[in-house]
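Each remark here refers to the structure printed beneath this line.
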Number of protein chains: 2
Amino acid sequence: MICHAYKSFFIVLADNCRLNIINLLSKGPLTVSDLCTKLGYEQSRVSHGLRTLKEHGFVVGKVKGKTREYALEPKLMIPLLKIIDEHVDKYHKQKCKCKCIRWRDMA
Amino acid sequence: MICHAYKSFFIVLADNCRLNIINLLSKGPLTVSDLCTKLGYEQSRVSHGLRTLKEHGFVVGKVKGKTREYALEPKLMIPLLKIIDEHVDKYHKQKCKCKCIRWRDMA
DNA sequence: AAATCATATGAAATAGAAATCATGCGCTAT
DNA sequence: ATAGCGCATGATTTCTATTTCATATGATTT
């Protein structure tokens, strides 16, 4: 009934690891080991996250020597993050107890 | 690190039941039993879905006699669905084998 | 006010996805 | 060409979310 593409679009983003990767990449491209260091995650965990993000067109990866640099797909992510920021800002301002309402400004 | 509000925003939408509800509501308000009939889901399943959608500001519900009518939150959902439609259309057109690319036109 | 209809809710069972662990592959430098 | 570094991948375990089942609530009709 529902196209799987729609469900998977959200599943990909409904995950702390992948959201944190997006958060960091929203400030500029990074390599896998950069992401590991900044997030304190295992390399394998980050690679799995990036693979899923890439498979669904949220990020793109370039080989640079023996490292790989990942970046957000700007056409999709910029307007998407804007809508979500606005909603979370407006809707969760009262409800959410944590201080990190605007997560993209953090970390 | 990531505000829970952002993760839960996507978790709410990463589910067939809730997506199908949104799909139907995008054509106009419906009661719980309308949704049950059209989706072939148990009443309890639909109610659980609606509760989650309501808690996160995706839908609103009005009491109408002994029934309750639910509708999409238009300020959020219209621009959101637009972005996702475009991405899925563009990105999954080749990859997805199923015919239902534009799920909001279906069912 | 009792019965019934429409919906909500809690808890247990089930299904599904993520983290970890172990390993493999490709590039680079020596 | 081989050793080392950066990253990817597969399978298992672990964790989390959804479904189901049973029951409660609240409005309406008789």
Side-chain angles (χ1 to χ4, degrees), chain A residues 1-25 29-72 98, chain B residues 1-25 28-72:
Chain A
M1 192 176 304
I2 283 285
C3 174
H4 181 66
Y6 284 84
K7 187 186 173 192
S8 59
F9 182 96
F10 295 112
I11 286 181
V12 170
L13 297 172
D15 176 73
N16 278 331
C17 175
R18 294 189 290 262
L19 275 180
N20 280 320
I21 290 172
I22 286 175
N23 182 20
L24 287 179
L25 292 184
L30 291 171
T31 66
V32 177
S33 49
D34 288 339
L35 289 166
C36 290
T37 308
K38 299 206 180 203
L39 292 172
Y41 291 162
E42 276 192 16
Q43 175 266 314
S44 160
R45 190 176 172 190
V46 171
S47 281
H48 275 127
L50 284 167
R51 185 191 190 208
T52 304
L53 287 169
K54 197 170 91 179
E55 279 177 354
H56 292 83
F58 293 95
V59 306
V60 290
K62 277 185 199 165
V63 178
K64 288 217 168 180
K66 55 178 170 176
T67 72
R68 300 198 186 183
E69 198 178 72
Y70 283 90
L72 291 191
C98 68
Chain B
M1 190 177 304
I2 282 284
C3 174
H4 180 66
Y6 284 85
K7 186 185 173 193
S8 59
F9 182 95
F10 294 112
I11 286 181
V12 170
L13 298 172
D15 176 74
N16 278 331
C17 176
R18 294 189 291 262
L19 275 180
N20 279 321
I21 289 172
I22 287 175
N23 181 21
L24 286 180
L25 293 183
L30 291 171
T31 66
V32 177
S33 49
D34 288 339
L35 289 165
C36 291
T37 308
K38 299 207 179 204
L39 292 171
Y41 291 163
E42 275 192 18
Q43 175 266 315
S44 161
R45 189 176 174 190
V46 172
S47 281
H48 276 125
L50 285 167
R51 185 190 190 209
T52 304
L53 287 169
K54 198 170 92 179
E55 278 177 355
H56 293 82
F58 292 94
V59 306
V60 290
K62 275 186 201 164
V63 177
K64 288 217 169 181
K66 55 178 170 177
T67 73
R68 301 198 186 184
E69 196 178 72
Y70 284 90
L72 290 191

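In what follows, chains are A, B, ... by sequence order, proteins preceding strands, each numbered from 1.
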For [X] and [N], give me the distance from atom [atom1] to atom [atom2], rounded to whole Å.
X: B/N20; N: D/dT19; atom1: CG; atom2: P; answer: 10 Å
X: A/K7; N: C/dG16; atom1: NZ; atom2: C1'; answer: 8 Å
X: A/L35; N: D/dA8; atom1: CG; atom2: P; answer: 10 Å
X: A/H48; N: C/dT23; atom1: NE2; atom2: P; answer: 15 Å
X: B/E42; N: C/dT7; atom1: CD; atom2: C1'; answer: 14 Å
X: A/E69; N: C/dC27; atom1: CD; atom2: C1'; answer: 17 Å
X: B/R45; N: D/dA17; atom1: CZ; atom2: P; answer: 17 Å
X: A/E55; N: D/dG10; atom1: CD; atom2: P; answer: 10 Å

Fill in: Working for side-chain contact (heavy atoms from CB on, under 4.5 Å), residues B/T52 and B/H48
CA-CA 6 Å; B/T52 304; B/H48 276 125; 5.7 Å; no
Discussion item. Working to the nearest 0.5 angstrom, can you tell me the gap between A/T31 OG1 and A/K66 NZ?
Written reply: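 Output value for this atom pair is 12.5 Å.
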Discussion item. For the CG atom of A/L13 and the CG atom of A/L53, what is their distance to the nearest 0.5 Å?
Written reply: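 If I round to the nearest 0.5 Å, the distance is 7.0 Å.
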Discussion item. Is the phosphate of D/dG6 approached by A/Y70 (side-chain N or O, under 4.0 Å from OP1 or OP2)?
Written reply: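 For D/dG6, neither OP1 nor OP2 has a side-chain N or O of A/Y70 closer than 4.0 Å.
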Worksheet entry | Touch class at under 4.0 angstrom, heavy-atom based, for B/S47 against every strand present |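 Contact class for B/S47: base.
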Worksheet item: Just checking B/S44: base, sugar-phosphate only, or nothing, at a heavy-atom cut-off of under 4.0 Å?
Response: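 The residue B/S44 makes base contact.
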Worksheet item: Looking only at heavy atoms, which two atoms of B/V32 and B/S47 are closest? And how far apart?
Response: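 Looking at all heavy atoms of both residues, the closest pair is CG1-OG, 3.9 Å.
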Practice prompt. Start with the C-alpha distance between A/L50 and A/L35, add both sets of side-chain angles, then the distance that settles side-chain contact (heavy atoms from CB on, under 4.5 Å), and finish with yes or no.
Written response: CA-CA 10 Å; A/L50 284 167; A/L35 289 166; 3.9 Å; yes
Item to complete: Please test A/N23 against B/Y6 for side chain to side chain donor-acceptor pair (under 3.5 Å), starting from the C-alpha separation and ending with a verdict.
Response: CA-CA 11 Å; A/N23 182 20; B/Y6 284 85; over 6 Å; no
Discussion item. Side chain of A/Q43, heavy atoms from C-beta onward: which of C/dA19, C/dT7, D/dA8 has the nearest atom to it?
Written reply: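 The closest nucleotide is D/dA8.
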Item to complete: Assess whether ring-ring contact (aromatic ring centres under 6.0 Å, His included) is satisfied between A/Y70 and A/F58, documenting all intermediate values.
Response: CA-CA 10 Å; A/Y70 283 90; A/F58 293 95; over 10 Å; no
Would you tabulate the pairs of protein nitrogen or oxygen atoms and nucleotide nitrogen or oxygen atoms of nucleotides 24-30 of chain D closer than 3.5 angstrom?
none

Worksheet item: Now, which nucleotide makes the Watson-Crick or G-U wobble pair with D/dT30, with each of the two distances under 3.5 Å?
Response: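 Partner of D/dT30: C/dA1.
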